[in-house]
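See structure below.
Within every chain, numbering begins at 1; the chains are lettered A, B, ... in the order of the sequence lines, protein sequences first and strands thereafter.
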Amino acid sequence: MTSIDAPLTPAAPASEAPGALDAAEAPEASAAFEAPALPTPPAELHGPVLAWFDRHARDLPWRHPEAGAWGVMVSEFMLQQTPVVRVLPVYEQWLARWPRPADLAADAPGEAVRAWGRLGYPRRALRLHAAAVAIKERHGGDVPSDHGQLLALPGIGEYTAAAVASFAYGQRHAVLDTNVRRVFARAATGVQYPPNATTAAERRLARALLPADEATASRWAAASMELGALVCTAKNEDCGRCPISGQCAWRLSGKPAHDGPPRRGQTYAGTDRQVRGRLLAVLRESTEPVAQAVLDKVWDEPVQRARALDGLVADGLVEPLDGGLYRLPVA
DNA sequence: CAGCCGTGGTC
DNA sequence: TGACCAAGGCT
C-alpha cells in the first residue's frame with residue numbers, strides 16, 4: 001500500500017527558518033562555475049514561493065493523501081499536455097473504476113483507451129495500461145518509489161519519474177515541467193521563455209535551486225510548478241500576484257520580449273492527427289467491432305485515411321479483425 | 001533531435 | 001479566426 005508522505009495543502013504556516021531552506025548540496029557547487037550566477041540566492045526564493053503556495057495552492061484530488069502513488073501517477077499521465085480542468089472528471093472516473101494498478105492491468109487496453117475519452121494523445125492511455133501491467137509483474141502491484149524503476153515504465157520520462165517520486169513519495173528531485181522551466185527562465189535566467197528542449201543548463205539550475213531538505217524540496221517542486229500554472233503563465237503573466245516579482249531577473253530587466261527562433265506552433269486541421277482522432281472517436285463510441293465502410297465516412301481523402309488507420313493499428317490503438325472490421329484492442 | 005502524437009479553450 | 005497553449009514521451 002502506498003501513500004503520500006506529506007499533504008501539500010495548507011494548514012501549517014510556512015516555517016520561515018532560513019537555515020532549513022538553504023541552497024543545494026555540495027556536489028552542485030563545482031558545477032556552479034559553468035552555470036550563470038544566480039541573481040538571487042535560492043533561499044530567498046524558497047520562503048516567498050512556499051508561503052504563496054500554502055495560501056493559493058489549488059485543492060486538486062491527486063494532492064490528497066488518499067490519492068496514493070497510483071493516483072499521482074494516473075494524474076501525471078493525464079496531465080501530459082492536457083489542462084487540469086479537462087483531466088478532473090476523467091481522473092475521478094478512472095480511479096473509481098481502477099483503484100489499483102492491478103485492476104487496470106486486468107482489463108483490456110482498449111478499455112483504457114475508451115475511458116480516456118477526449119483527453120487527447122490516446123497513446124498515453126495505452127502506455128498507462130502497459131505501465132500498470134509492468135507494475136503488477138515487476139513490482140507486486142505497487143507503484144515503485146525508485147526513480148530509476150519509475151523511469152523504466154512505459155510512458156514515464158524524465159519529468160514524470162521525478163514528479164511521481166517527489167509528489168507521491170516526498171523525495172528530492174528536480175521536477176522540470178513546462179511551468180517550472182518558464183518560472184526559472186524568467187526569475188533566474190531573465191528571459192521570457194525557456195528553450196524548446198530542456199537543456200543541461202536548465203537541469204543544473206533546477207538542481208542548484210532545489211532545497212536541501214527532502215520534504216521542503218518536494219513542496220518546492222509543487223509550489224514552483226503551481227506558480228507557473230497560476231501566475232507566471234505563458235501569456236498575460238500576473239506579476240502583481242507573484243511572490244518573487246521583486247527578485248525576478250526578467251521583470252527587473254524590463255521584461256524583454258523573446259528573441260530568437262519562433263516557438264513551435266503546429267497546425268492541426270488537415271493533419272493525420274485529426275484523421276486519427278476522428279477514427280478513434282468512432283471506435284470509442286462502439287462496443288461492437290466497426291466496419292471499414294463506417295470508418296471511411298470520417299474522411300474523404302482515401303490515401304490519408306488509410307495511412308491514419310494503418311498508423312493506429314501500428315500503434316496498437318486499433319485492432320483489425322477479419323472481414324474488414326476494427327475495434328479497440330482487447331489484448 | 002526534430003517531428004510526431006489529440007483536443008479544446010483563449011485572445 | 002487562426003495561432004498559441006496545456007503537469008511530455010518516444011523514435
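Heavy-atom contacts from other residues, nucleotides or ligands closer than 6.0 Å to CZ of R100(A) number 12 or fewer.
Contact annotation for L119(A): base contact, defined as any heavy-atom pair under 4.0 Å involving a base atom. Residue S75(A) is classed as having no contact, given no heavy-atom separation below 4.0 Å to the nucleic acid. Using a 4.0 Å heavy-atom distance criterion, R127(A) is classed as a sugar-phosphate-only contact. Within the nucleic acid shown, Q274(A) has no heavy atom closer than 4.0 Å to any nucleic acid atom. Among the heavy atoms of the strands lying under 4.0 Å from R284(A) are primed sugar atoms or P, OP1, OP2 only; no base atom is included. Here G120(A) lies in heavy-atom contact (under 4.0 Å) with a base. Residue R118(A) is classed as a sugar-phosphate contact, given heavy-atom separations below 4.0 Å to backbone atoms only.
Using a 3.5 Å distance cut-off with no hydrogens or angles, the side chains of Q80(A) and T160(A) do pair a donor with an acceptor. Y326(A) and Q292(A) share a side-chain donor-acceptor pair at under 3.5 Å.
The side chain of K235(A) lies closest to dC5(C), out of dC5(C), dG9(C), dA7(C). Nearest nucleotide to the side chain of R124(A), out of dA7(C), dG8(C), dG6(B): dG6(B). Listed nucleotides dC5(B), dG9(C), dA7(C) differ in distance to Y121(A); the shortest reach to its side chain belongs to dC5(B). Taking every side-chain heavy atom of D177(A) into account, dG8(C) is the closest of dC5(B), dG6(B), dG8(C). For P122(A), taking side-chain heavy atoms from C-beta onward, the closest of the listed nucleotides dA7(C), dG6(B), dA6(C) is dG6(B). Ranking dA7(C), dC11(B), dC4(B) by closeness to the R182(A) side chain, first place goes to dA7(C). Residue E226(A) places its side chain closer to dA7(C) than to any other of dA7(C), dG8(C), dC4(C). The side chain of R63(A) lies closest to dA7(C), out of dA7(C), dC11(B), dG8(C).
With hydrogens and angles left out, the side chain of R273(A) and the base of dT7(B) share no donor-acceptor pair within 3.5 Å. A donor-acceptor contact under 3.5 Å is formed by the side chain of T82(A) with the base of dG6(B).
Taking atom NE2 of residue H129(A) and atom P of nucleotide dG9(C), one finds them 20 Å apart after rounding to whole Å. The nearest whole Å value for the distance from the CG atom in L60(A) to the C1' atom in dA7(C) is 10 Å. We find that CG of N196(A) is positioned 11 Å from C1' of dC1(B), with the value rounded to whole Å. In this structure, N236(A) atom CG and dC11(B) atom C1' are separated by 8 Å, rounded to whole Å. Between the CG atom of L317(A) and the C1' atom of dC10(C) there is a distance of 14 Å, rounded to whole Å. As a whole-Å value, the separation of F77(A) CZ from dG8(C) P is 13 Å. Between L126(A) atom CG and dC10(C) atom P there is a gap of 13 Å when expressed in whole angstrom units. In this structure, W299(A) places its CH2 atom 13 Å from P of dG6(B), rounding to the nearest Å.
Mapping P83(A) and E158(A) onto DNA chain C by nearest heavy atom places P83(A) at the nucleotide closer to the 5' end. In terms of position on DNA chain B, the residue among A197(A) and D315(A) whose nearest nucleotide sits closer to the 5' end is A197(A).
Phosphate proximity of dT7(B) to Y268(A): present, with a side-chain N or O under 4.0 Å from OP1 or OP2. For Q81(A), a side-chain nitrogen or oxygen approaches OP1 or OP2 of dG8(C) to under 4.0 Å. OP1 or OP2 of dG6(B) lies within a sub-4.0 Å distance of a side-chain N or O belonging to R276(A).
Taking the six-membered ring where the residue is Trp, W94(A) and W98(A) present perpendicular rings, their angle passing 60° and hence far from 30°. Aromatic ring pairs are classed by plane angle as parallel below 30°, tilted from 30° to 60° and perpendicular above 60°; the pair W220(A) and F184(A) is parallel.
Comparing the same atom, C1', in dT1(C) and in dG8(B) gives a spacing of 15 Å after rounding to whole Å. dA7(C) and dC4(B) have their P atoms separated by 23 Å, given to the nearest Å. Remark: the separation of the C1' atoms in dC5(C) and dG6(B) is 14 Å, to the nearest Å. Nucleotides dC4(C) and dG3(B) are separated by 15 Å at their P atoms, to the nearest Å. Only the P atoms considered, dG9(C) is 25 Å distant from dG9(B), to the nearest whole Å.
Proximity of a side-chain donor or acceptor of E285(A) to a complementary backbone N or O of L280(A) within less than 3.5 Å is not detected. A side-chain donor-acceptor contact under 3.5 Å links R124(A) to the backbone of M78(A).
Pairs of Watson-Crick or G-U wobble type, with distances under 3.5 Å, assemble into runs of 3 or more in DNA chain C at these ranges: B:2-5 with C:8-11, B:7-10 with C:3-6.
Using a 4.5 Å heavy-atom cutoff, the side chains of R273(A) and Y121(A) are in contact. With a 4.5 Å cut-off on side-chain heavy atoms, V84(A) and L79(A) count as touching.
Remark: E319(A) engages R327(A) in a salt bridge, criterion side-chain N to carboxylate O under 4.0 Å.
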